[in-house]
Amino acid sequence: MTNGPLLEDPISVLERGGVAQQCTADLNLPMPAILDRMDDAVSKAYQGHPDRLYLVGKNGKISYAGARGPFGFDPEGWSEAIEKEVRAQKGKHWF
Amino acid sequence: MRGIQLVGLLVFMPFLANGQEAWDHLRKKHDKNDDKKITTAEYDRGEATFKRLDTNEDGVITADDFTRSGRRGRGARPRGGNGGAGRMITRVADADRDNVVSAAEWKGFLDGLSISDGGAVDVEAMLGGGNGVERMTGMLDKDNDGTLTVSDLKAHFKELDKNNDGELKGDEIARRRRPRGRDGAGRGSRDGSPQPGRPHPGTPQPGELAPDFNLPYASASKKTVQLSSFAGQKPVALIFGSYT
């Protein structure tokens, strides 16, 4: 909470990256974090703010589009969609 | 272990925090003349952030912007009049999803609440689990004592029930959105957003080509990732999230 970037919008990619790295470390996230541009172009394209889950299928098309969080954040539905997508890959095993 | 069948990417969007610690931090950093307020002249991190921090919209950033009672703008009351509290109450009490909270539904809702010995409503149980406990509590805690009680809920209901008929309907509440169906079409959650067949304009929908992007990793590496590079290779799970 006392860290500046956690309080105020980062004003540079470098600063945003610092906050993202802190988030990844604090939460011990196993997946890579990528940074949206400072104009939030990708977030706007996906209407991602404040949080949202998607699955892009192997065909490059949206396979699952969750509702906007916090109330629409549905990890169970997203997880089911992931399992379905991975099972659909014939001959492969889920982990 | 076999090869990874899925790529997970967290798309990071920072978010603001607030509270006494937040104000203390900002004051030390920006209040150059130590007059316990931060003006636009003193704040050098952009107008957009200044406006976001100035939650009571009085043109300066002060401690009041970080206390619930001090906020009169974005943080304290729901925007657009009844929208916030009305929507919250509709979400949890409108059992038959007809955008009316009838007297019977309201009674059933109150009777079904799990309440601690101290009078606090079990908000997580009320929501059926999942996210939103803090937000719901913050928005409906009418007496600002940090807990949601039956008194808070009844006070909100009374305030919303403009014609005093014991029901909430029409202009008294915001219209509830119905959830989309299952089958990977964005089932949504208990709040039922967005409406079926009418998602938010511009939201990518199942079956549509995913908007492509080429974004850098958050690590110090200069590498970037192109979403379309995974097409034909493996599915990609995207998490849009923020961090305070």
Side-chain angles (χ1 to χ4, degrees), chain A residues 1-2 4-11 13 16-17 19-21 23-24 29 31-37 40 42-43 45-74 77 81-82 84-86 89 92-95, chain B residues 1-2 5-6 8-17 21-22 25-26 29 45-46 48-49 130-132 135 184 186-191 193-194 200 202-211 213 215-219 225 227-228 231-244:
Chain A
M1 180 76 98
T2 56
L6 289 177
L7 201 59
E8 303 160 277
D9 281 343
I11 55 174
V13 172
R16 188 174 261 196
V19 183
Q21 287 182 54
C23 168
T24 307
L29 297 174
M31 66 186 64
I34 55 176
L35 302 179
D36 199 358
R37 289 160 32 179
D40 296 328
V42 176
S43 172
Y46 283 86
Q47 297 286 324
H49 200 279
D51 32 58
R52 204 164 201 154
L53 300 170
Y54 284 92
L55 179 65
V56 180
K58 197 174 161 182
N59 58 4
K61 294 184 179 177
I62 300 288
S63 172
Y64 173 92
R68 194 194 296 267
F71 298 115
F73 203 73
D74 182 18
I82 291 173
K84 187 177 167 186
E85 178 76 28
V86 173
Q89 294 183 47
K92 305 279 185 185
H93 294 272
W94 171 242
F95 290 141
Chain B
M1 190 167 81
R2 294 179 185 269
Q5 307 304 323
L6 176 81
L9 295 174
L10 169 66
V11 186
F12 180 75
M13 306 164 293
F15 197 67
L16 295 179
E21 283 185 37
H25 170 81
L26 286 170
K29 194 173 168 190
R45 293 182 59 85
T49 305
N131 297 305
R135 182 177 161 85
R187 152 168 84 163
S189 184
R190 290 152 296 284
D191 76 336
S193 64
H200 190 287
T203 308
Q205 293 304 300
E208 295 177 0
L209 206 59
F213 56 73
L215 295 178
Y217 285 102
S219 64
V225 58
L227 178 65
S228 53
Q233 306 295 321
K234 51 188 75 172
V236 180
L238 294 175
I239 303 173
F240 285 84
S242 47
Y243 188 57
T244 57

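Letters A, B, ... are given to chains in the order of the sequence lines, protein chains preceding strands, and every chain is numbered from 1. Predicted model, so just to flag it, every value in this text is computed and none were measured. All values below were derived from every heavy atom in this structure, side-chain atoms included, with hydrogens, water molecules and symmetry-related copies excluded.
Between A:Lys58 and B:Gln233 the shortest heavy-atom distance is CE-O, 3.4 Å. When all heavy atoms of A:Ala20 and B:Ala218 are compared, the pair lying nearest together is CB-CB, 3.6 Å. Minimum heavy-atom separation, B:Tyr217 to A:Pro32: CE2-CB, 3.7 Å. When all heavy atoms of A:Lys61 and B:Gly207 are compared, the closest pair comes out as CD-O, 3.3 Å. Contact between B:Pro204 and A:Ala65 at its shortest, heavy atoms only, is O-CB, 3.6 Å. Closest approach of B:Gly241 and A:Asp51 over heavy atoms only: CA-CB, 4.2 Å.
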Quiz prompt | Chi angles and distances behind the side-chain contact (heavy atoms from CB on, under 4.5 Å) call for A:Asp36, B:Phe213 | solution = CA-CA 9 Å; A:Asp36 199 358; B:Phe213 56 73; over 6 Å; no
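Within the model, atoms CD1 of A:Ile62 and CG of B:Leu238 stand 7.0 Å from one another, a figure rounded to the nearest 0.5 Å.
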